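One structure is given below, encoded as structure tokens.
Sequential numbering from 1 along the given sequence is applied to the chain's residues. What you see is a predicted model; the values in this text were computed from it and never measured.
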Amino acid sequence: MKVNTSKSKNAESFYIKQSYIDANGKSTSRTIRKLGTLEELLKEHGPTRDDVMAWAREQARIETEKYELEKENHCFPVVFHPNRRIPYGERRKFDGGYLFLQSIYHELRLPSVCRKIRDKRHYEYDLNAILSDLIYTRVLDPGSKCSSYKAAQAFLEPPKYQLHDVYRALSVLAEESDLIQSEVYKNSLQVIKRNDHILYYDCTNYYFEIEQEDGDKKYGKSKEHRPNPIIQMGLFTDGDGIPLAFSLFPGNQNEQKSLKPLEQKVINDFGCKRFIFCSDAGLASENNRILNDAKDRAFIVTQSIKKLSAEYKELALNRQRFRRLSDNKLVDLDDITSDDYDQLFYKEEPYSSKKLEQRLIITYSPKYAAYQKEIRQRQVERAIAMLKDGNHKRQKKNPNDPARFISKDAVTKDGEIADILYYLNESKIAEEAMYDGLYAVCTDLFDDDVADILNVSEGRWQIEACFRIMKTDFTARPVYLHREDRIKAHFLICFLALLIYRILEKKLNKEFTCEQILRELKDYQFADVLGQGFMPIYTMSKLIHRLHEACGFSTDYEFLTKSKMREIQKKSKGK
């Protein structure tokens, strides 16, 4: 601190001022104490101006010692001036939720991966800073690349690169996507225990706000039932639902063909050679089953009972000789009581296809049967209403459309034109009811326990949760990018954001919902206090406490000095 004077027409005033760097990195100063005018001070500390100045400098020294002592004890006097206006453009609120994501980003050694890419390509911009900010904003404030750049300006550590660097970096990220995926997987083994002996695979698609096909953006069957061109994604997760690898393929390609190239990449580049492949019936073609019927691999896939041959369908629909899973006792489904409502029953048969010997496991759940019956009853009621209202002539759009229960016949009288009669098809309703509560799984694991096989199959919901998070919470679609390389980079960023989020979720022992975690991360904010430090303005909670424990730093103090905040930022980077 130092003495500062100001002269007016009638007086000279003495002040103690302190220099500091504000939140925008600019050097400025503030008044700590007004000592008085020269005329006033001469009466007590004179007789000359030099005497007054010597006294003032001693006061400045005392204030400096006092400040250092208070700083050491984390106690700061803060002086706010009611008549001083806030300067234009001065940011006073900062986002800090990225610190938790940054902790995992560095644990995955992504900065090292970016350095490896830089040494190979020799570009000038900071790929690590760009990639990390794009990942953090994808979780905290998803939007376009331009809006992500603007959102990152509100971080405690704002970007130093330029927007045009972001678009340049997207091309590099696209070309190095396979390398980044394999490196991140290998590094993740040091962060958490990966359940990579079970691999779930599924596909989804993302639509574009365009009307014409372009490149891999093709017309196909959209998951959102939109008439836009789409691009498809195949995703592998481990047994805990943590992303492993992804690939993109054209919107009009059969998704069953997407498995083999991605699986080969997982085997060759990732080193995952021993695993059980698990997918739904849509991806369980015979070729995909044969691909995983290998020495070090096996498969567990769902099987559509309706698509079984007549012989096996009859076996599945036969309600006799099921076993209760809990005690393995033989039971006929027609004899079960209300006490068995929450039980699961099964029976198994050897299942031979053209090229493969398999094990067919059929299960029955009374609870699931009641649910399906209730849903169908509502659809039947809607079909009856459609007949009454005359809306039954419209085309059926999907397998769950109530119009599927409406049939038509041509009725003629002698010598007259045929009349079209629409009616409720009771036989179709009864046919669907035969499958209520039934579910089938095929596997080449002949010696494993049925309960273990079913438990693995039930875990497929986790990959569906991954798609939901990417599409809904991370707003991965619609996609507004046009260049193929930038589209690939976009999905790489979404994939890495999902990976980091799921690892964070696992570190929290899955105690909290996705909505709760994202809300707390977004609300984790700090206010700059006149350049001296930061005051937390988030609501302290059990979740914030667990985040602090999981990531190895804590900010739940009334005030954090700038040096303390820099220390926290270093801890979030593993330094």
Side-chain angles (χ1 to χ4, degrees), residues 108 177-178 180-204 232-249 255-303 356 358-359 361 441-446 448-449 452-470 491-492 494-496 498-503 505-506 510:
L108 292 172
S177 176
D178 289 348
I180 293 172
Q181 290 182 61
S182 62
E183 289 291 311
V184 165
Y185 164 72
K186 293 169 187 175
N187 294 341
S188 71
L189 299 175
Q190 307 302 318
V191 180
I192 56 171
K193 185 177 180 181
R194 298 297 297 259
N195 183 11
D196 52 13
H197 296 299
I198 299 170
L199 298 188
Y200 295 108
Y201 184 71
D202 203 353
C203 295
T204 191
Q232 301 191 76
M233 171 189 279
L235 178 68
F236 265 116
T237 71
D238 66 17
D240 295 326
I242 297 176
L244 190 79
F246 82 97
S247 65
L248 301 176
F249 54 98
E255 63 181 14
Q256 292 186 2
K257 296 180 180 179
S258 68
L259 171 65
K260 187 174 181 179
L262 185 58
E263 185 170 317
Q264 289 299 324
K265 183 170 73 174
V266 168
I267 294 170
N268 298 331
D269 298 348
F270 290 39
C272 292
K273 300 184 184 298
R274 299 177 60 88
F275 57 83
I276 297 172
F277 167 78
C278 187
S279 75
D280 62 17
L283 288 157
S285 66
E286 186 168 48
N287 286 337
N288 286 344
R289 299 185 198 194
I290 292 171
L291 175 66
N292 288 286
D293 182 41
K295 178 181 178 182
D296 295 324
R297 302 193 300 278
F299 66 83
I300 299 173
V301 296
T302 58
Q303 170 66 52
L356 199 61
Q358 304 172 65
R359 181 182 178 191
I361 302 172
V441 170
C442 274
T443 182
D444 60 349
L445 296 169
F446 294 97
D448 289 55
D449 186 72
D452 293 335
I453 292 172
L454 295 177
N455 186 52
V456 170
S457 182
E458 288 171 4
R460 289 185 303 102
W461 67 268
Q462 296 180 101
I463 197 168
E464 294 292 343
C466 286
F467 287 143
R468 180 193 60 77
I469 292 170
M470 272 203 290
F491 286 109
L492 173 65
C494 293
F495 169 83
L496 293 173
L498 178 66
L499 171 64
I500 288 173
Y501 168 76
R502 293 292 266 185
I503 291 175
E505 200 175 50
K506 185 169 184 177
K510 297 186 177 182

| Has the side chain of Gln256 got a donor or acceptor atom that lies under 3.5 Å from a matching backbone atom of Gly282? | yes

| task | Measure the acute angle between the ring planes of Phe236 and Phe275, then classify it against the limits of 30° and 60° as parallel, tilted or perpendicular. | result | perpendicular

| request: Verify, without hydrogens or angle tests, whether Asp452 (side chain) and Asp448 (backbone) share a donor-acceptor contact under 3.5 angstrom. | output: no

| message | I need the single residue from Phe467, Phe249, Phe246 that forms a side-chain contact (heavy atoms from CB on, under 4.5 Å) with Cys203. Which is it? | response | Phe249

| query | Does Glu263 come within less than 4.0 Å of Lys260, counting only side-chain N to carboxylate O? | reply | no

| Charged N to carboxylate O below 4.0 Å: is that the case for Asp444 and Arg289? | no

| request: Start with the C-alpha gap between Ser258 and Tyr201, add the side-chain angles, then the distance that decides, and say whether side-chain hydrogen bond (donor to acceptor under 3.5 Å, both in side chains) holds. | output: CA-CA 10 Å; Ser258 68; Tyr201 184 71; 2.7 Å; yes

| request: Measure from the ring center of Phe277 to the ring center of Phe299 and say whether it is less than 6.0 Å. | output: no

| Counting distance only, does the side-chain N/O of Arg274 pair as donor-acceptor with the main-chain N or O of His197 below 3.5 Å? | no

| request: Answer yes or no: is there a donor N or O on one side and an acceptor on the other, between the side chain of Asn288 and the main chain of Ala284, under 3.5 Å? | output: no

| task | Return yes if some donor-acceptor pair links the side-chain N/O of Gln462 with the main-chain N/O of Gly239 below 3.5 Å, else return no. | result | yes

| Is any side-chain heavy atom of Leu248 closer than 4.5 Å to a side-chain heavy atom of Gln232? | no

| request: Flag yes if more than 12 heavy atoms outside Lys257 fall under 6.0 Å of its NZ atom; otherwise flag no. | output: no

| Does the distance from a Lys or Arg side-chain N to an Asp or Glu carboxylate O, for Lys265 and Asp178, drop under 4.0 Å? | yes

| said: Any donor-acceptor pair under 3.5 Å linking the side-chain atoms of Gln181 with those of Tyr185? | reply: no

| task | Answer yes or no: is there a side-chain heavy-atom contact under 4.5 Å between Ile463 and Asp202? | result | yes

| query | In Å, rounded to the nearest 0.5 Å, how long is the span from CD1 of Ile180 to OG of Ser177? | reply | 6.5 Å

| Does any non-hydrogen side-chain atom of Val301 lie less than 4.5 Å from one of Cys278? | no

| Leu189 vs Asp196 side-chain heavy atoms within contact, under 4.5 Å | yes

| said: Check this for me: does any side-chain nitrogen of one of Asp238 and Arg194 sit under 4.0 Å from a carboxylate oxygen of the other? | reply: yes

